[in-house]
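Just follow the structure's listing: the first ligand is 1, and inside any ligand the first atom is 1. What you see is a predicted model, and the numbers here were worked out from it, not measured in a lab. If you read the sequence from its start, that first residue is 1, and numbering goes on from there.
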Amino acid sequence: MSQVPIIDISGLVKKSGDLAIASQIGQACREYGFFYIVGHGVDEKLQQRLEELSRQFFAQDLETKLKIRMALGGKAWRGYFPVGGELTSGKPDLKEGIYFGAELGEDHPLVQADTPMHGSNLFPDNIPLFRETVLEYMEVMTQLGHTLMAGIALSLGLEESYFADRYTSDPLTLFRIFNYPPDLSLPDDEDKWGVGEHTDYGVLTILKQDNCGGLQVKSKSGWIAAPPIPNSFVCNIGDMLDRMTGGLYRSTPHRVLNKLRHHRLSFPFFFDPNFDVEVKPIQLSAVVNDDKQQRWDKASVHDFRGTYGDYVLSKVSKVFPELRRSVL
Ligand code: OGA
Ligand code: NI
């Protein structure tokens, strides 16, 4: 029975440079590209608040939610999209959600330079503490991202600050809150994916999910469930770490199917390289494993040349074609 491994990272959080934890992370990245973390120290009250406020937001009528629609976020790529508004592999997903990123003011140099994916967030003005809670959660996730990247560096036999020094000093952080409505079709209908099969773009995703379940991971032996585990996060490797490690650490395909009769909330946080950095292979002694034939989209992350910004924009424009036309 294949299961996504669970790793207690409390030693790493205490900054002890714990090699035993790093080696568990390394093994999980090679075998699954996915692992759960516990012992992460993220405040449960903060998480509960985030969940409650998100439920409040999605429970509103569509018109109210559209007051912060993505079209109003412009190039910064922020705001709400309704069910069917986002595509994975060209097909609409059965989910609605809100996109957030680092909160940057008009005077920030990257905003002044009109850089895509940089700017200020759209928050609902009728839900008190929503803004504060999301920004605090993103701050905590950013710290956790740095901690995990230190562990990942150690697991590759690199110095702890390898990624921070080269790639993630000013990480591109994206945060999404998704609401997957129940799939009310008959069981023998074609499966309607909450999110279709895909890989994530950057280095590391840290996902908080509610207690519904529905996340599936493509392991070497086939699709396996990654069910909710109380007070854990699901972490997975993205395309850029796959590229940096020559395929040693897997950017593993995953998907979501909500078969329950109630809504599923999830909170993926993406900790990704600095926007303008060029992502290059790390000189590792391991064998290069190009997975082009097996990859879900038949593309190879190893062929790609350019900055992380170029890569992520090419991806985002596929999931929101309308928006691409209007802002780029
Ligand atoms: C994603 C993703 C899973 C989930 O946003 O990339 O895979 O459970 N989300 O929402
Ligand atoms: Ni994903």
Side chain, backbone, both or neither: which part of [X] comes within less than 4.0 Å of ligand 1 when only heavy atoms are counted?
X: Thr205; answer: neither
X: Val195; answer: neither
X: Lys208; answer: neither
X: Phe270; answer: side chain
X: His254; answer: side chain

- Message: Tell me whether Arg255 reaches ligand 1 (any heavy atom closer than 4.0 angstrom to a ligand atom).
- Response: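 No, Arg255 has no heavy atoms under 4.0 Å from ligand 1.
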I'd like to know whether the aromatic ring centres of [X] and [Y] sit less than 6.0 Å apart in this structure.
X: His263; Y: Tyr180; answer: no
X: His254; Y: His198; answer: yes
X: Tyr99; Y: Phe81; answer: yes
X: Phe175; Y: Tyr137; answer: yes
X: Phe163; Y: His146; answer: no

State the atoms of ligand 1, each with its element, that fall below the 4.0 Å cut-off from a heavy-atom position in [X].
X: Asp200; value: 6 (O)
X: Arg264; value: 4 (C), 8 (O), 10 (O)
X: Leu207; value: 4 (C), 8 (O)
X: Pro268; value: 5 (O)
X: Ser266; value: 4 (C), 8 (O), 10 (O)

- Message: Among the N, O or S atoms of Asp200, which one sits nearest to the Ni ion (ligand 2)?
- Response: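 So the atom name we want here is OD1.
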- Query: Quick one: do the Tyr201 and Ser251 side chains pair a donor with an acceptor below 3.5 Å?
  - Reply: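 Tyr201 vs Ser251: no donor-acceptor pair found between side chains.
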- Item | Under-4.0 Å salt bridge between Arg55 and Asp210 |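 Yes, charged N to carboxylate O under 4.0 Å.
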- Query: Looking at Asp242 and Arg250, does any basic side-chain N land under 4.0 Å from a carboxylate oxygen?
  - Reply: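 Judged by the 4.0 Å cut-off on N to carboxylate O distance, Asp242 and Arg250 do not form a salt bridge.
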Which heavy atom of the protein is the closest neighbour of [atom], given with residue, atom name and distance?
atom: atom 3 (C) of ligand 1; result: Val256 CG2, 3.7 Å
atom: atom 5 (O) of ligand 1; result: Phe178 CE1, 3.2 Å
atom: atom 2 (C) of ligand 1; result: His198 NE2, 3.7 Å
atom: atom 9 (N) of ligand 1; result: Tyr180 OH, 4.0 Å

- Atom CG in Leu265, atom NZ in Lys95: separation rounded to 0.5 Å?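 Rounded to the nearest 0.5 Å, the CG-NZ separation comes out at 13.5 Å.
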- Task: Begin from the C-alpha positions of Tyr311 and Asp239 and carry the test side-chain hydrogen bond (donor to acceptor under 3.5 Å, both in side chains) through to its verdict.
- Result: CA-CA 10 Å; Tyr311 186 74; Asp239 294 347; 2.4 Å; yes
- Query: So, does Thr142 use its side chain to make a donor-acceptor pair with the main chain of Met138 at under 3.5 Å?
  - Reply: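 At least one qualifying donor-acceptor pair exists.
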- Would you say Arg176 and ligand 1 have an N/O pair spaced under 3.5 Å apart?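 Such a contact does not occur with ligand 1.
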- Message: Test of geometry: compute the angle NE2(His198)-the Ni ion (ligand 2)-NE2(His254) and round it to 10°.
- Response: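 That angle works out to 90° after rounding to 10°.
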